[in-house]
Structure formats: C-alpha cells, structure tokens
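Ligands are counted one by one from 1 in listed order, and the atoms in each one are counted from 1 as well. All values below come from the heavy atoms of this structure, side chains included, with hydrogens, waters and symmetry mates left out.
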Amino acid sequence: MRNEDKERLNRQSQKKYFFHRLRNGCRAVWKNTVQKIIMFAFYPAAILIWYLFKNNLGLEDIPLISPVFIVLVDMMLPALLIGGTFVILILFGTPYGFNQMSNEFQRIGMTNSAGEVPMLLSREKDKKYGNVEILEFDGVGIPLTEWEKERGYIEAALNVNIVKIIEGRNKRRILLHVIPANSGLPDFIEWNDSYLTDDDSTLILGKSQLGMESVDLSKIPHILLGGSTGSGKSILLKVLLVQSLKKNAIVSIADFKGGVDFPRVWNDKCKMCFDEDTLLTLLTELTDELERRKTLFRDTGCANIGDYNKQSAVPLQRHIFACDEVAEVLDKTGLTKEQKERIGLIENRLSMIARQGRAFGIHLMLATQRPDANILSGQIRNNIDCRVCGRADTILSQIILDNTTAAEQIPKDKAGRFILHDGTVFQGFWVDESSIF
Ligand SMILES: Nc1ncnc2c1ncn2[C@@H]1O[C@H](COP(=O)(O)OP(=O)(O)O)[C@@H](O)[C@H]1O
Ligand SMILES: [Mg+2]
C-alpha cells in the first residue's frame, strides 16, 4: 500500500472515531448523572462567571495587552459555548487509557495493512462478574482469529489477563473480557461440599477467573473430557461423580484400566464394570430405562424429567454413565468380527443415550486421551455439547474442542487446569474420595 493511501485511510478512520467519541459523549451525558451535572450545571455556571467577571480582570489597564486580545476575550463566550461543549463531549466519549492502548498495540505490531491499530471504543464492568472489565474495540478489520493468536502479546501489552475474546455486535467489534494481571488461577483447590448447588442438575466443574464454572445437565446433558495422561481427567470425573451421588443420581462407572483409578469406596456407591459383557448389559439397562421413561412421560404428558418430578410423588433419579479412558472400550483395531459387533452394540447404546438422554435424565460423561477418529463416532461426539479439555496437543484439542486452544492456553506443567468449549479456562477441584464419602 502506498504511503498516501495509508494516510488517507488513517484520516478517514480518525474522522470516524471522532464522531464515535462525540456520540459516546452524548450518550454518557444522557445516561449518567455526574456527566449531566457537569454539562448542564457546572459548565454553564463557569461560563457565566467568566462572562460576569471578565471586565473586572482589569485587562485594559495592562499596557502590554493589545486591544486585539481584548476583542478575542470578548469573543470567547460563543467559542466557549460551542467549542467547549464539543471538547467536553469528546472527553466524556473517550474511554480512559485510549492513547496508551493504541501505543501498546503499535508496539506489538497489532496493525492492519494500513498500519492502523485497534481503537478502544468503551470500557465497562461486566454486570455478572464484578472483577471483569469488558474492553470494546473497533478491530480495524483484524479478525477474531488473529486476536486469539496474539492473545499472549496483547495480555503483556495491556498488562491484563484475558478471560475471553469474542466478537461484539458485528465482526469489526471485538470484546476483550479482562481481569487485572495479578489475579491468576490457583494451582490447587480442594473440593468441599459447600460448593454443591441447590438444584439436582447443576454440577460444578471448577473455578475460573470469572467465578465458579458449572454445567447444567438439564440443558447440556453430556460431558466429553479430553487431555493427555496426567492432565487431571480422572480427578475431574470423580469431582463430577461425587456431586452426582450427593444429588442422589444413580452412577455407573466403566473403568477398563482395571479399577486402579477408582478404589473400593466407589464400589459401594456405584455400579462398576470392568469388562465388555458387563458394560453391554449395563448400557442396555440404561436404554431400556430410557424407553420406559419415554412411555411414562407420554402417558403423563410430561416433556422431561424436571416436569415429571414436579408433579410426581415419587421423583425419578438421574442416571450418570461415566467411562474413564473410553478409547480402551471403543478401540476396534485388531479385533475379530464378533468382537467388533459387540463394540458396535455398545456404540449403538451410547449413541442413543447421547441423542435422547437429556429429557429422560440419562447422562454420559466420557473421558479420553486418545482421539483417534474411529474411536468416538460423530454420532456420539456431535451430541455431547459440554466439551472440556486439559493439557493436550493440537490434535487432541482439535478433536475435543474443534480448535487448538487447549494446546495453546493450558500450561504443560498444570494438572487439573482445563479449558471449556466456550474458551473459559478453569482450575478443576481436587477431591479425595476417602475423606469425602
Ligand atoms: N484438580 C487438580 N488439582 C491439582 N492436581 C491435580 C488435579 N487433578 C489432577 N492433579 C494431579 O495430576 C495427577 C494425574 O491426575 P489424573 O486425574 O489421574 O490424570 P489423568 O486421568 O488425566 O491421567 C494427579 O495424581 C494429581 O497429582
Ligand atoms: Mg485417568
């Protein structure tokens, strides 16, 4: 791009931004009492005082001041009225830190081809999370993907932690949700029953910079957990299962690693299964239960388990089926035709629960570190909307979240640190089953 083109585009943007600030200023005066008082009381009063007392300044008596200056002073009233109003509106409409942020963006080379940097349009406190501030930028055509890629640089430049980056009301507007740089996540938070929610369907996943992260099974019924070995999947799964049990759900656990991760106490609380035959029986029982509830709801005119439990004297319990290392179960490589058929039946049951489980209170929680495409069929995966990924490489992250954010944002030395499908990073709870039961 030629230099004069760049200059022309810059001028155009400056003009646009000027009007934006003016409009913002008007809006600020319209909305806020303080601004209103300054605009309509203090400022007119100041001008009035100036007007009344300017003759008392005795300017005429000072020999060095020319008559031209005195005429200028006389003309200042209209200038102050019109020009001053503009200046005040622009000041009100310019978010604090605008210049500094522009400079910082320039420094890290966050510019478009015309050399323009993103322009801060507004900043306000998040209504839901008090410690979060939302910075709205005109992205000057820099796409969201680029912001995501430069996340680390932006955090360092603006000296904040970015909680999430989303598009605003259109693709040009970028919203950065930020918190102060010194408020990182703790590495260890122990689970405590006081964190339990009141309803029967909401489970807490962990703590993010926004507060508690949770999943409501009545809305998002199934959970897919990814992460490399030692990323903390089993512990997170246990935290979810502990909560499910405390909420009176019936929990079944398939653990094909021979039960090393789930010591004896779990046997007393849950149905455990360690081989394919038991697993198939268990899943068949669950799909039968699903069909039974279907008939029951049809007969009673209920749309879902929540509805049914409201009107029934004997509430239905939720069923949770958890499978740690689901790849151990569903991997078909090197199997005989007969074995493959049996796995096919297991998949078929899982798929039915994934599709229909929500209304009937039957839920899947699947954990995996091996993301081979032939392990988790699209049918199952596409029906699991709560996706959580811990420490992972780009392939695993891509399989679980459909993007590479886990590989980029979860530090390699952090266990129990996860990222949600919506980009929120959280620290999962640590749980010790021997003390909790
Ligand atoms: N929430 C957590 N907080 C702190 N450390 C954790 C947490 N979850 C896991 N860890 C650590 O990581 C190790 C592996 O966790 P685990 O759940 O077995 O991983 P995975 O099942 O992904 O292989 C644990 O023994 C523990 O030391
Ligand atoms: Mg594990």
Side-chain angles (χ1 to χ4, degrees), residues 184-196 203-215 223-245 251-267 270 272-274 279 320-331 364-372 375-376 384 386-401 405-407 409-420 424-437:
L185 280 174
D187 287 345
F188 187 88
I189 320 167
E190 186 151 10
W191 170 259
N192 180 310
D193 282 353
S194 66
Y195 294 129
L196 279 172
L203 305 180
I204 305 285
L205 292 160
K207 230 178 205 172
S208 76
Q209 285 163 334
L210 296 172
M212 290 293 176
E213 286 307 315
S214 60
V215 53
I223 302 173
L224 181 61
L225 266 176
S228 54
T229 329
S231 57
K233 298 183 296 297
S234 298
I235 304 274
L236 179 56
L237 196 56
K238 283 187 205 176
V239 171
L240 294 171
L241 296 179
V242 164
Q243 296 177 63
S244 306
L245 286 167
V251 174
S252 334
I253 303 172
D255 180 13
F256 280 48
K257 279 165 80 185
V260 282
D261 279 328
F262 290 87
R264 282 204 74 84
V265 273
W266 291 92
N267 276 279
C270 318
M272 299 294 298
C273 75
F274 305 112
L279 177 59
I320 311 283
F321 171 74
C323 185
D324 202 2
E325 301 300 352
V326 73
E328 302 289 329
V329 183
L330 298 180
D331 193 357
L364 299 177
M365 294 181 190
L366 308 179
T368 183
Q369 55 159 310
R370 286 230 326 271
D372 314 26
I375 282 173
L376 213 55
I384 305 188
C386 180
R387 313 275 186 88
V388 181
C389 194
R391 202 167 62 202
D393 58 16
T394 47
I395 303 168
L396 177 52
S397 177
Q398 192 76 45
I399 292 278
I400 303 290
L401 302 171
T405 49
Q409 289 181 42
I410 307 296
K412 297 284 171 265
D413 62 340
K414 296 267 191 270
R417 185 68 53 89
F418 295 91
I419 182 164
L420 260 176
T424 313
V425 175
F426 67 90
Q427 179 68 27
F429 291 101
W430 167 268
V431 73
D432 179 7
E433 56 268 271
S434 59
S435 64
I436 212 85
F437 291 136

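- Between the side chain of Ser214 and the backbone N or O of Ile204 there is no donor-acceptor pair closer than 3.5 Å.
- Near ligand 1, heavy-atom contacts under 4.0 Å come from Asp187, Phe188, Ser228, Thr229, Gly230, Ser231, Gly232, Lys233, Ser234, Ile235, Ala415, Gly416, Gln427, Gly428, Phe429, Trp430.
- Both the sub-6.0 Å distance and the 45° axial angle are satisfied by Lys238 relative to the ring of Phe262.
- Under the 3.5 Å distance criterion, the side-chain polar atoms of Ser244 are matched with a main-chain donor or acceptor of Leu240.
- In this view, Asn192 and Ser194, Tyr195 satisfy the side-chain contact (heavy atoms from CB on, under 4.5 Å) rule, not counting sequence neighbours.
- Heavy-atom minimum distance, Arg387 versus Ile400: NH1-O, 2.7 Å.
- The closest donor-acceptor contact from the side chain of Ser228 to the backbone of Arg391 lies under 3.5 Å.
- Note on Gln369: not counted as a metal contact of the Mg ion (ligand 2), no N/O/S atom lying under 2.8 Å.
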